[in-house]
Amino acid sequence: QVQLVESGGGLVQPGDSLKLSCAASGRTFSNNAMGWFRQGPGKEREFVAAISWSGSVIDYADSVEGRFTISRDNAENTVYLQMSSLKVEDTAVYYCAGKSTRYYSTRANEYDYWGQGTQVTVSS
């Protein structure tokens with residue numbers, strides 16, 4: 001079992017940056033692929049970014065490619081999402097997710113562990 005706790009959300013203006021963190025505990029984190037998903041108002045949960053167990057393979061949704069960066073620190077059991085050039089349409093609850101295997105997925109239903117979410121609001 002893996003417990004995930006997100007932090008770092010908040011209210012920012014368009015063009016600002018924000019860094020989300022997801023702290024994992026409960027079992028060996030370094031063997032788990034991790035991902036970030038988000039759910040905006042009135043929308044379905046959508047894939048944002050994912051990273052393999054070693055950090056060597058990374059994928060992004062087209063909507064965030066070039067603006068967001070996912071990374072992980074296995075020694076600290078933490079995965080990060082650095083968000084830059086934020087847009088109003090990035091407003092959502094951001095969820096950290098973990099897979100019980102090493103290789104990532106872009107599909108939410110393939111993740112086994114979820115955090116409680118952190119709100120990111122981009123507004124002028």
Side-chain angles (χ1 to χ4, degrees):
Q1 189 73 13
V2 174
Q3 291 79 44
L4 304 174
V5 179
E6 304 97 335
S7 61
L11 172 63
V12 296
Q13 295 185 336
D16 284 353
S17 297
L18 203 59
K19 187 173 185 177
L20 305 183
S21 299
C22 173
S25 62
R27 55 169 286 179
T28 304
F29 170 80
S30 60
N31 288 330
N32 299 94
M34 301 295 295
W36 286 95
F37 291 78
R38 68 185 182 186
Q39 187 165 13
K43 299 181 180 180
E44 295 185 353
R45 190 169 299 190
E46 64 175 0
F47 168 74
V48 175
I51 188 167
S52 65
W53 67 282
S54 65
S56 62
V57 183
I58 290 174
D59 197 10
Y60 297 99
D62 290 344
S63 59
V64 307
E65 180 87 52
R67 299 188 298 121
F68 290 12
T69 302
I70 189 172
S71 61
R72 65 188 298 160
D73 184 338
N74 287 345
E76 296 294 328
N77 287 353
T78 303
V79 63
Y80 303 98
L81 185 68
Q82 175 68 53
M83 305 184 293
S84 302
S85 301
L86 282 162
K87 304 176 181 180
V88 171
E89 51 264 42
D90 294 319
T91 295
V93 177
Y94 283 72
Y95 296 92
C96 174
K99 290 180 88 270
S100 57
T101 63
R102 293 183 169 187
Y103 303 102
Y104 77 88
S105 169
T106 63
R107 300 180 179 181
N109 62 4
E110 295 185 4
Y111 284 78
D112 303 290
Y113 314 109
W114 291 87
Q116 82 288 350
T118 186
Q119 177 70 48
V120 172
T121 302
V122 185
S123 175
S124 56

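The number of heavy-atom neighbours closer than 6.0 Å to CG of Asp62, taken from other residues, nucleotides and ligands shown, is 12 or below.
The distance from atom CD of Glu6 to atom OH of Tyr94, rounded to the nearest 0.5 Å, is 12.5 Å. Here the straight-line distance linking atom CG of Asp73 with atom OG of Ser30 works out to 11.0 Å at 0.5 Å rounding. Put simply, CD1 on Ile51 and CG on Asp59 are 11.0 Å apart, with the number rounded to the nearest 0.5 Å. Atom CG in Asn32 sits 9.0 Å away from atom CG in Asn74 (nearest 0.5 Å). Interatomic distance, Tyr95 OH to Leu20 CG, rounded to the nearest 0.5 Å: 13.0 Å. For the atom pair Met34 CE and Tyr104 OH, the distance stands at 15.0 Å (nearest 0.5 Å).
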key: Verdict with supporting geometry, Phe47 and Ser105, side-chain contact (heavy atoms from CB on, under 4.5 Å)   = CA-CA 9 Å; Phe47 168 74; Ser105 169; over 6 Å; no
inquiry  = Before you tell me yes or no, could you show the steps for Val79 and Trp36 under side-chain contact (heavy atoms from CB on, under 4.5 Å), namely the whole-Å CA-CA distance, both residues' side-chain angles and the distance that decides it to 0.1 Å?
reply    = CA-CA 9 Å; Val79 63; Trp36 286 95; 4.0 Å; yes
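Val93 and Ile70 are not part of a single hydrophobic cluster, where members link through side-chain heavy atoms under 4.5 Å apart. Hydrophobic clustering, with ILVMFWY side chains joined whenever heavy atoms are under 4.5 angstrom apart, keeps Leu11 apart from Leu86. Cluster annotation: Leu4 is not connected to Trp114 through the hydrophobic network of ILVMFWY side chains, with a link wherever side-chain heavy atoms come within less than 4.5 Å.
Heavy-atom minimum distance, Gly8 versus Leu18: O-CG, 3.4 Å. Nearest heavy atom pair, residue Leu81 against residue Ala49, reads CD1-CB, 4.2 Å. For the pair Thr106 and Phe37, the tightest heavy-atom approach, listed with the atom from each and the gap, is O-CE2, 3.6 Å. Nearest heavy-atom pair, Val2 versus Ala24, reported as atom, atom and distance to 0.1 Å: CG1-CB, 4.2 Å.
Screening residues 82-108 for salt bridge (Lys or Arg N to Asp or Glu O under 4.0 Å), with sequence neighbours left out, gives Arg38-Asp90, Arg67-Asp90, Arg107-Glu110.
No donor-acceptor pair closer than 3.5 Å links the side chain of Tyr111 to the backbone N or O of Ala33. Remark: side-chain polar atoms of Tyr80 are not paired, donor with acceptor, to backbone N or O of Thr69 under 3.5 angstrom. Of the possible polar contacts, one joining the Thr78 side chain to the Glu76 backbone as a donor-acceptor pair under 3.5 Å is found.
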Under 3.5 Å, side-chain donor or acceptor atoms of residues 117-124 against the rest of the protein: list the pairs with distances, not counting sequence neighbours.
{"unit_1": "Thr118", "atom_1": "OG1", "unit_2": "Gly9", "atom_2": "N", "d": "3.2"}
{"unit_1": "Gln119", "atom_1": "NE2", "unit_2": "Ala92", "atom_2": "O", "d": "3.4"}
{"unit_1": "Gln119", "atom_1": "NE2", "unit_2": "Thr121", "atom_2": "OG1", "d": "3.3"}

